[in-house]
Structure formats: structure tokens, C-alpha cells
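Order of listing sets the numbers, starting from 1, for every ligand and every atom in it. Because only heavy atoms are used, hydrogens play no part in the values below, and waters and symmetry mates are left out as well, while side chains stay in.
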Amino acid sequence: MDPFGRHIDYLRVSVTDRCNERCLYCMPEGYKGWAQRADHLSADEIVRIVESSTDLGFRKFRLTGGEPLVRHDIVDIARRIWELPGVETLGISTNGLMLRELALPLKQVGVRSVNISLDTLDPATYQKLTGGRLQVALDGIEAAAAANFEIVKLNCVLLRGINEDQILPLVEFGAVRGMPVRFIELMPLAPGGPINDGHFFSITEAMESLAVHDVLDPATNKPAGHGPARYFRLRRRGAHVGFIGSITCADFCATCNKLRLTADGKLRPCLGRHGEIDLLPALRSNNVTSSGLADAIHDAIANKPENHTFTDDYQNHRPMTAIGG
Ligand code: SAM
Ligand code: SF4
């Protein structure tokens, strides 16, 4: 339990801050955090941290980044985590570009759920927003469907003036594939670039725009997952849709059950607050005791703030891609 009575059993593990895309809301122009390679965790170190966390009751894990699939040893990392006693679920978040080659190997080593970013079905907008090719991401989504993961979800960051016309098309795209789409409010984690507060589009507005076309019934059973989304079912289309109101939902943090591990070895109790606990001393000193890591994880839980303060101050060197989404 953290100081606010929340049961913390979910670790999001960022395996890299590198990416093969460059989403305007995630990675600021010129970001090159990965230049400090020496600080980045090895596969052995990631597995050791996950193992320590299972001793403390962590059960759910998600690999993320940056783009986790650009790491050459990602399948091996997933396999080693899944084989640890105490690990109950393992998911991965990806932009989908490398799923054509990696969906099946990831499924075979135990990955249960895949979240794939898809902000638009318009190739030109996709290219402008991410720097990548839509068709490659779509091929990856089909590969994920063919690999028979327990659950595949699509994630869309809402951006006024850029993709609000894509809300219904994305829901329909997901519906025919049995993939819930989750709409996420823009968090100010890469400001100073071309995406700014003027692009903010709330989940309330997204719900209103869907309600013009269909009826949103609150979902009685939430699609598998541990995230903060509120789910609805579109009555006529049968689609499941999730809404993540990180900015506008007053009780957003009340059920937060996670810590984040950054690719450079910091535990981050809250995405929207600066505090981080450095695991490298416990991990790399010559006279390490296994309790060193456990103490650091305890510390992170004890320092988990009650809520985020996204808008108060921004850390230039910690955009979303560096923290781990
Ligand atoms: N590269 C993978 C991907 O794109 O799914 C995993 C990492 S990414 C940082 C994880 C999620 O964070 C994605 O769904 C992405 O859209 C979301 N994200 C990134 N920057 C964001 C921001 N500023 N506000 C809201 N969501 C953001
Ligand atoms: Fe890369 Fe994912 Fe960030 Fe886009 S959202 S730049 S794909 S890490």
C-alpha cells in the first residue's frame, strides 16, 4: 500500500528511450537522450529489478519506451520476465511498426496484451505526426491480430485540429477487428514544440462527438487491462471504447496502481511529477545486497504522490519518451 491506500502492483518498464518514430507530442525535436548509453539498463539489470519487485508483490508488467521493439533483445527480455515466479501478466506498448516480424515471437514467449498507438487512419496526417508510414503500422496491427494475443488495444492521443475527425473512423476500424480503441488526453510532456495547449481535446468532447452517431453504454465488463481507462460500449456498433482523462478527470489518480522504471534506471512514482529514485547505486555498486533494490522500490511506493501536477512545471530532459509511456 502507498500512503494513500492504493495497492501498487503494476510496473511499467521502459526498455529504451529510442524510437523509430518521432511523435510530435512525445519526442521533442533534437532529443538525443540515448546518447548517454552507459546509463541504460542491460537486460540482466531489467530482469533483476522486475524480480525484486515481484518479491514486494508486483504482479503486472508492461514493456514500453520509447519504442520497445527497437531493442534487439526485446523478445529475450519478455521471455525472462514471463518466466519469473510471481509475474501474472505481461503486456507491451508499441507503435506497431515492427510487429510484422515480432508479434508472433512475443506471443510465443508469454506476452499477453499489446497496446498499439494509432492516432489517425489518414496516411499524410500519420506521417506528419509520427514521421512513420501508416501502412507499416497497419501491417503490424494485422500481425498482432493474427498472433492471437489475448487482447490488442489501440491508443489514440486526442489532438484538436489534427485528428478529432478520426474518432469515429478509428472506433469502427477497431470494432471490426475486436480491438478496443482508447482515447487519451494530451499530456504536456513535450512542450515547446509544434503541439501545444491549443491542441488539447478533452475526453468529454470525444464522447460528445461519438454520441452524435451512437449511444455510449457504460461497459459492464472492462476489457482486460490495468489502466485508468473508463470503458463504454457503442450500442449499435458493439465497439468497446475507452477514455483516459489524465487531465480533466478529477479522480484520475485515485486508483493509480503503478510505478514506472525508466530506461536509465530510475523508479518514477508518478508520470506527472518530477520525483525519481535512482536504482543504479543499488544495482551497480560492488557490495550490492539484494535488500538495496527492495529498499529503493519501497522508497518509491512510500513517495508516490497523491496526484499529478502535469501543468506546474516541465522537465526539459524528461519528455514522455524518456520517462516511458
Ligand atoms: N512507442 C510506444 C507507443 O507509441 O505506443 C510506447 C511508448 S509511448 C510513449 C506510450 C503511449 O504514450 C502511446 O500511446 C503514446 O501515444 C502516448 N503518449 C506519448 N506522449 C503523450 C502525450 N504527450 N500525451 C498523451 N499520451 C502520450
Ligand atoms: Fe515513439 Fe511511441 Fe513516443 Fe511516438 S509515442 S515518439 S512511437 S515512443
Quiz item: Counting only heavy atoms, which portion of Glu185 has something under 4.0 Å from ligand 1: side chain, backbone, both, or neither?
Solution: backbone
Self-check item: Contact (N/O only, under 3.5 Å) between Ser93 and ligand 1
Solution: no
Self-check item: Protein heavy-atom partner closest to atom 24 (N) of ligand 1 - residue, atom, separation in Å
Solution: Met187 N, 2.9 Å
Quiz item: What is the closest protein heavy atom to atom 10 (C) of ligand 1, and at what distance does it sit?
Solution: Gly325 CA, 3.7 Å
Practice problem: Report, in ascending order of atom number, the atoms of ligand 1 lying under 4.0 Å from any heavy atom of Met320. | Solution: 9 (C), 12 (O), 18 (N), 19 (C), 20 (N), 21 (C), 27 (C)
Quiz item: Do Glu185 and Ser202 get their side chains close enough for a donor-acceptor pair, meaning under 3.5 Å?
Solution: no
Exercise. Identify whether the distance between the nearest side-chain nitrogen and carboxylate oxygen of Glu172 and Arg237 falls below 4.0 Å.
Key: yes
Self-check item: Close N or O approach (Thr64, ligand 1; < 3.5 Å)
Solution: no
Quiz item: Are any side-chain N or O atoms of Glu51 and backbone N or O atoms of Leu84, one a donor and one an acceptor, separated by less than 3.5 Å?
Solution: no
Quiz item: Between Asp217 and Arg235, does at least one N-O distance fall below 4.0 Å, as a salt bridge requires?
Solution: yes
Quiz item: So, Lys153 side chain and Ile151 main chain: donor-acceptor pair closer than 3.5 Å or not?
Solution: no
Quiz item: Is the closest heavy atom of Pro188 to ligand 1 under 4.0 Å?
Solution: no
Quiz item: Is Arg260 salt-bridged to Glu276, going by a charged N under 4.0 Å from an acidic O?
Solution: no
Self-check item: Of the listed options Ser117, Ser246, Gly65, Cys156, closest to atom 14 (O) of ligand 1 (non-hydrogen atoms)
Solution: Ser117
Exercise. State whether Glu205 and Arg160 are salt-bridged, where the test is any N-O pair (Lys NZ or Arg NE/NH1/NH2 against Asp/Glu carboxylate O) under 4.0 Å.
Key: yes
Quiz item: Near Cys26, which atoms of ligand 2 are under 4.0 Å from a heavy atom of that residue?
Solution: 3 (Fe), 5 (S), 6 (S), 8 (S)
Quiz item: Counting both backbone and side chain atoms, is some N or O of Pro68 under 3.5 Å from an N or O of ligand 1?
Solution: no
Quiz prompt | Polar proximity ligand 1 side, Tyr25 side, N/O cut 3.5 Å exclusive | solution = yes
Exercise. Can you sort out which atoms of ligand 1 are near Leu186, meaning under 4.0 Å from one of its heavy atoms?
Key: 23 (N), 24 (N)
Practice problem: Name the closest protein heavy atom to atom 4 (Fe) of ligand 2, giving the residue it belongs to and the distance to 0.1 Å. | Solution: Cys23 SG, 2.3 Å
Practice problem: Report yes if Glu67 has an N/O atom closer than 3.5 Å to an N/O atom of ligand 1; otherwise report no. | Solution: yes
Quiz item: Which pair of non-hydrogen atoms, one from Lys107 and one from Ala147, has the smallest distance, and what is that distance?
Solution: CG-O, 3.4 Å
Practice problem: Considering heavy atoms of the protein only, find what lies nearest to atom 26 (N) of ligand 1 and give residue, atom and distance to 0.1 Å. | Solution: Val157 CG2, 3.5 Å
Exercise. For Gly66 and ligand 2, answer yes if some heavy atom of the residue is under 4.0 Å from a ligand atom, otherwise no.
Key: yes
Quiz prompt | Gly66 neighbourhood, listing ligand 1 atoms whose heavy-atom distance to it stays under 4.0 Å | solution = 1 (N), 2 (C), 6 (C), 7 (C)
Exercise. List the closest protein heavy-atom neighbour of atom 1 (Fe) of ligand 2: residue, atom name, distance to the nearest 0.1 Å.
Key: Cys19 SG, 2.2 Å
Quiz item: Under 4.0 Å between a Lys/Arg side-chain N and an Asp/Glu carboxylate O for Arg59 and Asp9?
Solution: no
Self-check item: Lys/Arg N to Asp/Glu carboxylate O, Arg100 vs Glu142, below 4.0 Å
Solution: no
Quiz item: So, are Asp44 and Arg80 salt-bridged, with charged N and O less than 4.0 Å apart?
Solution: yes
Practice problem: State the atoms of ligand 1, each with its element, that fall below the 4.0 Å cut-off from a heavy-atom position in Asn155. | Solution: 14 (O)
Quiz item: Given that the side chain starts at C-beta and the backbone is N, CA, C, O, which of these parts of Thr321 lies under 4.0 Å from ligand 1, counting heavy atoms, or is it both or neither?
Solution: neither
Exercise. Compute both the distance and the angle, then confirm whether Arg177 meets the cation-pi test with Phe173: under 6.0 Å from the six-membered ring centre, within 45 degrees of the axis.
Key: yes
